[in-house]
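Heads up, the thing below is written out as structure tokens.
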Amino acid sequence: MKILVVGSGGREHAIVWKLAQSPLADEIYCAPGNAGIADLAECVNIPADDVDTLLEFAQAEGIGLTVVGPEAPLAAGIVDKFTAAGLKIFGPSQKAAMIEGSKALAKEIMEKYNIPTAKYAAFTDKEVALAYLDANPAPIVVKADGLAAGKGVVVAMTTAEAKEAVESMLSGNAFGEAGARVVIEEYLEGEEVSVLAFSDGKTVLPMVSAQDHKRVFDDDKGPNTGGMGAYSPAPIYTPQLAEQVVQQVLQPAVDGLRQEGRLYKGVLYAGLMLTKQGVKVLEFNARFGDPETQAVLMRLQSDLVEIMLAVIDESLHEHELSWIEDAAVCVVMASGGYPGSYAKGQPISGLEQAAELSDTVVFHAGTKFSAQQVVSDGGRVLGVTACAPSIKEAIDKAYAAVDLISWSDCFCRRDIGAKALR
Ligand code: AMP
Ligand code: GLY
């Protein structure tokens with residue numbers, strides 16, 4: 001079968017890497033892909049959100065399965081268009097993907113179906129929102145309603161900060177349309193865990209847990225990023241907790257979405273906070289997480305093509321997932337200045353040496369070829385991922401590979417996974 005993966009990041013590299021292991025995968029294409037993905041797939045120069053051109057390509061090539069990585073094409077209705085054209089595509093419809101596309105909708109569904117989450121209120125009027133902040137002092141969290149590329153959340157430790165966020169989201173143009181509505185919610189304290197699950201609209205098959213590292217610097221300092229590293233499993237996510245999350249979060253979300261006429265097929269990502277009062281949902285995403293996927297898919301033993309086809313054909317109840325016992329750790333190497341401005345086009349050295357290490361895969365996030373060389377082409381450039389019997393060993397292995405790789409002004413966090421050892 002010919003397979004097309006849509007996207008160009010570390011998550012998509014991990015998806016391509018896993019799909020390529022399936023006997024069902026003959027040829028893999030990736031649009032637009034990156035320099036690392038090009039080792040495993042034919043990269044096609046179509047942007048991930050150019051849905052019409054992607055559809056033309058898939059029809060012309062006779063693609064048997066399309067897999068969507070990022071949220072933008074989902075929100076643009078790629079799944080609806082491919083499905084209407086009779087093509088198999090893995091991901092939720094536009095309506096179902098709104099669970100990520102509108103934080104206010106996600107909150108309404110959680111409230112209606114008794115899914116535990118932070119208390120909240122949604123606003124379009126700035127003055128009303130500011131008055132709410134006077135009545136509900138900081139710490140408090142302000143979120144732009146729509147997609148904001150992971151930058152629409154302000155965890156405000158002071159009321160002044162919260163007001164500034166409301167001002168910029170509801171009157172400035174910080175997030176364009178995405179800021180036309182804000183959700184203000186209760187500040188939650190605890191440990192964060194990401195749980196991704198396959199859903200065919202009815203059956204939920206949860207994956208192993210993972211923990212992201214959102215802040216740019218060690219000890220969770222500095223601004224939020226797209227994710228500086230991940231490990232799997234999260235030791236605090238016990239089997240009992242996993243069972244509880246299926247019963248109280250994942251299954252009710254999928255059932256609720258179905259009842260709302262938003263049949264959810266694809267990966268449902270639950271960002272959870274383990275608070276003293278129990279598990280609460282921070283957010284849902286309509287796709288695999290990045291960089292959680294790099295760590296999680298390293299541990300998946302099952303055939304990913306089979307699972308994805310079962311999601312599309314609504315036969316997930318006939319399947320189980322199997323995992324290797326090893327832990328996995330992904331360390332993101334980034335360009336100096338990220339998540340602010342940074343240089344691109346820096347030649348990367350050490351990739352061949354790192355490729356020789358066992359149980360280690362260097363997933364590319366922002367790279368391209370320039371004059372036959374792999375060069376940096378983004379803020380997050382590589383996700384160096386390793387598997388080992390324990391998290392400690394996986395950390396050491398991942399950093400051993402990191403230490404072989406460099407480019408001008410690159411950096412990474414040095415404490416990925418350290419939380420799991422405490
Ligand atoms: P989100 O995009 O909703 O996952 O938010 C990004 C990050 O902001 C999360 O990973 C949390 O670290 C933090 N966050 C979001 N909502 C809350 C909340 N209610 N309380 C505390 N931190 C939060
Ligand atoms: N790792 C967070 C996300 O993918 O949204």
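First listed ligand is number 1; within each ligand, the first listed atom is number 1. In this chain, numbering begins with 1 at the start of the sequence shown.
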**Q.** Derivation and outcome, side-chain contact (heavy atoms from CB on, under 4.5 Å), residues M228 and R215
**A.** CA-CA 7 Å; M228 294 300 293; R215 303 296 186 120; over 6 Å; no
Q. Is the shortest distance from a heavy atom of K103 to ligand 1 less than 4.0 Å?
A. yes
Q. Which bit of E189 is near ligand 1, meaning a heavy atom under 4.0 Å away: side chain, backbone, both or neither?
A. neither
So which atom in [X] and which in [Y] form the shortest heavy-atom distance, rounded to 0.1 Å?
{"X": "K163", "Y": "D134", "answer": "NZ-OD1, 2.8 Å"}
{"X": "S199", "Y": "Y264", "answer": "OG-O, 2.7 Å"}
{"X": "R11", "Y": "F288", "answer": "NH1-O, 2.9 Å"}

Q. Does the pair R299 and S232 meet the rule for a side-chain hydrogen bond (donor to acceptor under 3.5 Å, both in side chains), with working shown?
A. CA-CA 8 Å; R299 302 184 57 211; S232 172; 2.9 Å; yes
Q: List every atom of ligand 1 that sits less than 4.0 Å from any heavy atom of E185, numbering the atoms from 1 in the order shown and giving each element.
A: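 Contacts of ligand 1 toward E185, numbered from 1: 16 (N), 17 (C), 18 (C), 19 (N).
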Q. Who's closest to atom 15 (C) of ligand 1 heavy-atom-wise, of K214, E283, E192, K143?
A.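 Nearest heavy atom to atom 15 (C) of ligand 1 lies in K143.
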Q: Would you tell me which option among V155, N224, V153, V281 has the nearest heavy-atom contact to atom 22 (N) of ligand 1?
A: V155
Q. Has R287 got any heavy atom lying under 4.0 angstrom from an atom of ligand 2?
A.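 Contact check R287 vs ligand 2: positive.
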Q: Indicate the ring-plane relationship of F217 and F411, choosing parallel, tilted or perpendicular according to the 30° and 60° boundaries.
A: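 Tilted.
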Q: Using distance alone, decide if ligand 1 has a nitrogen or oxygen within less than 3.5 Å of any nitrogen or oxygen in M273.
A: no
Q) ligand 1 and E186, any nitrogen or oxygen pair closer than 3.5 angstrom? A) yes
